[in-house]
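Accompanying notes for the structure given below.
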Protein chains: 2
Amino acid sequence: MTKQFTSVWTREPRQPKTAGLRREQIVTAAVELLDAEGMEALSMRKLGAKLGAGATSLYWHVANKDELLELVLDEIWGLVDTPEPEEASWREVVTTFAYSLRVTMLAHPWVAPMAVQMPSIGPNSFRLGDRLRRTFIRAGFTGVDNYLATSTVMSYVLGQVIPETTADKIFEGGLDPENMMQVMDQVGHDYPEMMEDYRNTVPTDATVARAMAFDFGLLCVMDGLEARLRTSRQS
Amino acid sequence: MTKQFTSVWTREPRQPKTAGLRREQIVTAAVELLDAEGMEALSMRKLGAKLGAGATSLYWHVANKDELLELVLDEIWGLVDTPEPEEASWREVVTTFAYSLRVTMLAHPWVAPMAVQMPSIGPNSFRLGDRLRRTFIRAGFTGVDNYLATSTVMSYVLGQVIPETTADKIFEGGLDPENMMQVMDQVGHDYPEMMEDYRNTVPTDATVARAMAFDFGLLCVMDGLEARLRTSRQS
DNA sequence: ACCTGAACACCGTTCAAGT
DNA sequence: ACCTGAACACCGTTCAAGT
């Protein structure tokens, strides 16, 4: 009675070669639609229409909407720039990866929430994961620690970027910052010091502030990893 | 023409005192429904029914579903245990907070994705944010660094826990682990070393492995913060 | 092998009307 | 002040039928 685990990746794509088009077509169209109108706007009907087909045609190529999204997500993992581990020091590889992931997710703001609700077990995701693994092996992380290092970096980047995309979504369409500030004041008036700090630091230049925050935290994480490396070497 | 920013928290609750019930009632019922059946199952109609009311009655107390969710989310922030900064060292406060947030989010698996798509500007969220701020002030983080420290810790925990809840969701209902392993093999067969590592480390005891990963990463983050503290003290 | 349209069982939200 | 029901404009998905 146990459920079977299923995923697009366990199923052969429908027509292996005939014109070689459909699946990629569908995924590309979905990404375009998502970029243009966001997650809430992606419906099977709209996507079908964009492809000049009935909504239900899609169900020939994909079992359901979730599988479509698995495909789309892996497409995005393919955009993240991760150097081959041999090309640079582990700190450089991690830094490049982290920055690239951040840029990619900011460019496709619907990705972060998606990456978080869906298994990432497509080919692009695997290639990336394997590179990070090899990077940390060269750095000296063995056994579980290797896995832990990868997951720490990944967690950090995801955790940092996701709120950024949320904030962008809230502000998109030229939200009046004055109005925003009023709301914040009203809502946070029990914590004047916190509001004061918020006023002084964050909104000077949100883009710069956020890049700085990202940088700061990434340094923390990497310094922390290095500390772990030292203690495990001693023992 | 700029959109206005709105939030439940900018609106007075409907009936300030009369029987003092409704809003809390609605939120409680929503949390129960979410705990029992998950995010996809929460609809205004079902929630209405659970409260013995028409679906549309809810719209008297709440502008729309998103505002309902803002309320629900803040309810959850209220469950996170964060000591007063004076009670302990900053590392202890951060550790308690981080662990408590993790436990809370694992207990309510629908929270993490939600926390990530919605502004958190309710009273409980503010109280928590202010405590972390004061904690880091006592630790010696001044100005922007204080904000950055908070955001680093927060990012780390969110980023770590979110994939955990995703994994739980996938496995819930007693998914056959054998079947899962087969899928992984099939899907990752281009990366035998990675699969090997995965086999050796992760599934021995998933619960323990994940707790370890969390701990490992949290130490990284805190060690990293401490390093930042030292360099800023020197300059 | 691939696509279609009709149909089913849902959604969130609005609004006039009730008490 | 609060709640209702009908109605609108959507969803994802199934399935028999077409080519």
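Here is how names work: the chains are called A, B, and so on, in the same order as the sequence lines, proteins then strands, and each is numbered from 1. Since this is a predicted model, take the numbers as computed values, not measurements.
- Every residue two or more places apart in sequence or in another chain that forms a salt bridge (Lys or Arg N to Asp or Glu O under 4.0 Å) with B:R134 is listed here: B:E84, B:D130.
- Atoms CE (A:M39) and P (D:dC11) sit 12 Å apart, rounded to a whole Å.
- Residues that satisfy the ring pair (Phe, Tyr, Trp, His ring centres under 6.0 Å) test with A:F214, not counting sequence neighbours, are A:Y99, A:Y156.
- Between B:G52 and A:D66, it is B:G52 whose nearest contact on DNA chain D lies nearer the 5' terminus.
- With sequence neighbours left out, B:E193 forms a side-chain contact (heavy atoms from CB on, under 4.5 Å) with A:R133.
- Checking A:S151 against B:Q160 by side-chain atom types alone, a donor-acceptor pair falls below 3.5 Å.
- By the side-chain contact (heavy atoms from CB on, under 4.5 Å) test, A:K46 pairs with A:L33, A:E37, A:A41, A:S43, sequence neighbours left out.
- Under the salt bridge (Lys or Arg N to Asp or Glu O under 4.0 Å) criterion, A:R102 pairs with A:E164, not counting sequence neighbours.
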**OP:** Dot-bracket notation for DNA chain C is requested: 5' to 3', Watson-Crick or G-U wobble pairs only, both distances under 3.5 Å, with ( ), [ ], | and . as defined.
**Re:** ||.|||||...|||||.||
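- Atom-to-atom distance recorded for A:R131:CZ and A:F126:CZ is 15.0 Å, nearest 0.5 angstrom.
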**OP:** For each nucleotide in nucleotides 14-19 of chain C, reading 5' to 3', give B when a protein heavy atom comes within less than 4.0 Å of its base, S when such contact involves only the sugar-phosphate, and - otherwise.
**Re:** B-----
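- With sequence neighbours excluded, the residues forming a side-chain contact (heavy atoms from CB on, under 4.5 Å) with A:T28 are A:E32, listed by chain and number.
- Separating the CZ atom of B:R23 from the C1' atom of D:dC2 is a distance of 15 Å, rounded to the nearest angstrom.
- For A:W9, there are no side chain to side chain donor-acceptor pair (under 3.5 Å) partners two or more places apart in sequence or in a different chain.
- Within residues 40-47 of chain B, the residues having any heavy atom closer than 4.0 Å to DNA chain C are, in order of number, B:L42, B:S43, B:M44, B:R45, B:K46.
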Please tabulate, for the side chains in residues 103-116 of chain B, all donor-acceptor contacts under 3.5 angstrom to protein atoms that are two or more places apart in sequence or on a different chain.
from: B:T104; atom 1: OG1; to: B:S100; atom 2: O; distance (Å): 2.7
from: B:H108; atom 1: ND1; to: B:D35; atom 2: OD1; distance (Å): 2.7
from: B:H108; atom 1: ND1; to: B:D35; atom 2: OD2; distance (Å): 3.2
from: B:W110; atom 1: NE1; to: B:D35; atom 2: OD1; distance (Å): 2.8

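- In this view, A:A53 and A:S57 satisfy the side-chain contact (heavy atoms from CB on, under 4.5 Å) rule, not counting sequence neighbours.
- Counting any heavy atom pair closer than 4.0 Å across all strands shown, A:A55 reaches no nucleic acid atom.
- Closest to the B:R22 side chain, of the nucleotides D:dC3, C:dA1, C:dG12, is D:dC3.
- Between A:K65 atom NZ and D:dT13 atom P the separation is 8 Å, expressed in whole Å.
- A close approach under 4.0 Å does occur between a side-chain nitrogen or oxygen of A:W60 and OP1 or OP2 of C:dC2.
- At D:dC3, one or more side-chain N or O atoms of B:H61 fall inside 4.0 Å of OP1 or OP2 (strictly under the cut-off).
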